[in-house]
Protein chains: 2
Amino acid sequence: MNGNSPDFPARLRAAGLRPTRQRVALARLLFESGHRHVTAEGLHVEVKATRMPVSLATVYNALNQFRDAGLLREVVVAPGRSYFDTNIGHHHHFFIEPDGELHDFPSDKVTIAGLPTPPKGTRLSRVDVIVRVRR
Amino acid sequence: MNGNSPDFPARLRAAGLRPTRQRVALARLLFESGHRHVTAEGLHVEVKATRMPVSLATVYNALNQFRDAGLLREVVVAPGRSYFDTNIGHHHHFFIEPDGELHDFPSDKVTIAGLPTPPKGTRLSRVDVIVRVRR
DNA sequence: GCAGTATTTAGAATTGTTCTAAACTTCTTG
DNA sequence: CAAGAAGTTTAGAACAATTCTAAATACTGC
């Protein structure tokens, strides 16, 4: 469906991570169905409901490792809370202010012109566009 | 220089805030010289070096009130740390990843085309563009 | 299977921020 | 300009999100 093999142990190994039971359980929750935005707390609640519960520390570890391995992208939209996005393709975000909901939109149609060149001695890493909306 | 009156008590009153000694001291640090990006901790260190030190709680209170009053803008770039920007005009940000430095750039020249329309029932609040760069 | 290394865990520690209740300013109004 | 009312400040406790610690456990290659 999403072009990713459902063989999570293999996917983890390919990313340089040992396919432990906990990491496989988390990967399943994250990547099995379409794209998702999760917080550590939220994912921990989900995985606790599973036959294979995982400690909160491990959820944090796994999210950070998945991000470092390029399997996830971290999105910072609100102070004091990190979202992890399973969509690692080019795209931007809607952030619905009052309730903290986050939605992707593709960057295909979006063009940004006139950006200044990066300060001397730095090179571009990524351009984040966050469209904040209110009800 | 920046078009703002240096009469901080009056400016605070105009924003609906009592010009207490502490708020005036903070306003002076924030608005007296050009635009700045500060964190609560950083501003607290600065004001402690003053003849009129202010508690950390008051720094947090003041930053939140100044933001609510439209004197400051909060910028969310990194998890677990809030920056406040004294530049409230239209502009975007460079974020230098390793060291957490933040720089403004004007939005005059920047054009963003092809943004999708906000989800039904919401209206646009603001578009943040963060250009992340690495050394 | 066995060693050897990586990972998990519960709980403590850390960090950034907000809350609390008492003391102190500022404002209003006479 | 005194007095009361209302808003602020403060130190310290409380809180929330995240990271660390050290001991127990699971994966891996041989």
Side-chain angles (χ1 to χ4, degrees), chain A residues 7-29 37-48 50-69 71-72 74-84 100 102, chain B residues 7-29 37-48 50-69 71-72 74-84 100 102:
Chain A
D7 181 352
F8 296 111
R11 295 235 290 144
L12 290 171
R13 232 183 301 263
L17 296 165
R18 277 197 192 175
T20 64
R21 297 206 242 104
Q22 293 81 336
R23 295 211 267 235
V24 172
L26 293 172
R28 217 189 297 284
L29 288 172
H37 297 109
V38 304
T39 61
E41 275 294 347
L43 187 59
H44 185 227
V45 167
E46 271 185 68
V47 80
K48 268 194 299 193
T50 281
R51 212 53 99 281
M52 150 105 258
V54 171
S55 80
L56 182 56
T58 297
V59 173
Y60 273 103
N61 288 161
L63 286 174
N64 288 152
Q65 292 152 351
F66 289 8
R67 177 206 51 215
D68 292 347
L71 301 174
L72 289 177
E74 189 167 10
V75 187
V76 185
V77 280
R81 180 165 239 98
S82 263
Y83 288 80
F84 290 87
L102 197 58
Chain B
D7 181 352
F8 296 111
R11 294 234 289 144
L12 291 171
R13 233 184 301 264
L17 297 165
R18 278 196 192 177
T20 63
R21 296 203 244 105
Q22 292 82 336
R23 296 213 266 235
V24 172
L26 293 171
R28 216 188 298 282
L29 287 173
H37 298 109
V38 303
T39 61
E41 276 293 348
L43 188 58
H44 185 226
V45 168
E46 271 186 67
V47 80
K48 268 195 299 192
T50 281
R51 212 52 101 281
M52 150 107 260
V54 171
S55 80
L56 183 56
T58 297
V59 172
Y60 273 104
N61 289 160
L63 286 173
N64 289 153
Q65 292 153 350
F66 288 7
R67 177 204 51 216
D68 293 347
L71 301 175
L72 289 178
E74 190 167 9
V75 187
V76 185
V77 279
R81 181 164 239 103
S82 263
Y83 288 78
F84 290 88
L102 197 58

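Both backbone and side-chain heavy atoms feed into the values below; hydrogens, waters and symmetry mates do not. In this text the structure is predicted, and so the values were computed from the model without any measurement. Residue numbers start from 1 in every chain, and the chains themselves are labelled A, B, ... in the order their sequence lines are given, proteins ahead of strands.
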| Under the side chain to side chain donor-acceptor pair (under 3.5 Å) test, residues paired with B:Thr50 that sit two or more places apart | none

| task | Starting at atom CZ of A:Arg67, determine the distance to atom C1' of D:dT18, rounded to an integer number of angstrom. | result | 12 Å

| query | Counting any heavy atom closer than 4.0 Å, what does B:Pro53 reach on the DNA or RNA strands: base, sugar-phosphate only, or nothing? | reply | sugar-phosphate

| query | What one-letter contact string describes nucleotides 25-30 of chain D from 5' to 3', where B marks a base within less than 4.0 Å of any protein heavy atom, S marks contact via sugar-phosphate atoms alone, and - marks no contact? | reply | -SBS--

| said: Tell me every residue that passes side chain to side chain donor-acceptor pair (under 3.5 Å) with B:Thr20, counting only those two or more places apart in sequence or in another chain. | reply: none

| said: Once rounded to the nearest 0.5 Å, what's the spacing between atom NZ of A:Lys48 and atom CG of A:Leu43? | reply: 11.5 Å

| said: Nearest heavy atom decides the nucleotide; on that basis, is B:Gly80 or B:Asn61 closer to the 5' end of DNA chain C? | reply: B:Gly80

| request: Over all heavy atoms of both residues, which pair between A:Pro79 and B:Val76 is shortest? Give the atoms and the distance, please. | output: CD-CG2, 3.8 Å

| remark: d(B:His44 NE2, B:Tyr60 OH) to nearest 0.5 Å is 10.0 Å

| query | Under a criterion of less than 4.0 angstrom to any heavy atom of chain B, what are the 5'-terminal and 3'-terminal contacting nucleotides of DNA chain C? | reply | C:dG16 to C:dC27

| Terminal helix-axis angle for the helix from C:dG1-D:dC30 to C:dG30-D:dC1, with five pairs defining each axis and rounding to 10 degrees | 40°

| Protein-nucleotide distance (A:Glu41, atom CD; D:dA17, atom P), rounded to Å | 6 Å

| Closest heavy-atom pair and its distance - B:Thr58, B:Leu26 | O-CD1, 4.4 Å

| said: Can you measure B:Leu12 atom CG to D:dG7 atom C1' for me and round it to whole angstrom units? | reply: 14 Å

| Shortest non-hydrogen contact between B:Gly42 and B:Thr39, atoms and distance | N-OG1, 3.0 Å

| Shortest non-hydrogen contact from B:Ala15 to B:Leu71? | CB-CD1, 4.1 Å

| message | Does D:dT19 have its OP1 or OP2 closer than 4.0 Å to a side-chain nitrogen or oxygen of A:Asn64? | response | yes

| For D:dT8, does either OP1 or OP2 sit under 4.0 Å from a side-chain N or O belonging to B:Arg23? | yes

| Contact class for B:Ser82 vs. all strands (heavy atom < 4.0 Å): base, sugar-phosphate, or nothing? | sugar-phosphate

| field | Length of the line joining B:Tyr60:OH and D:dC15:P, which is rounded to integer Å | value | 17 Å

| query | Who are the side chain to side chain donor-acceptor pair (under 3.5 Å) partners of A:Arg67, not counting sequence neighbours? | reply | A:Glu74

| What's the spacing between A:Leu29 CG and A:Phe8 CZ if we round to 0.5 Å? | 9.0 Å

| Whole Å only: how far is the CG atom of B:Leu56 from the P atom of D:dA13? | 15 Å

| note | Note: B:Ala69 and B:Leu17 closest approach over all heavy atoms is CB-CD1, 4.4 Å

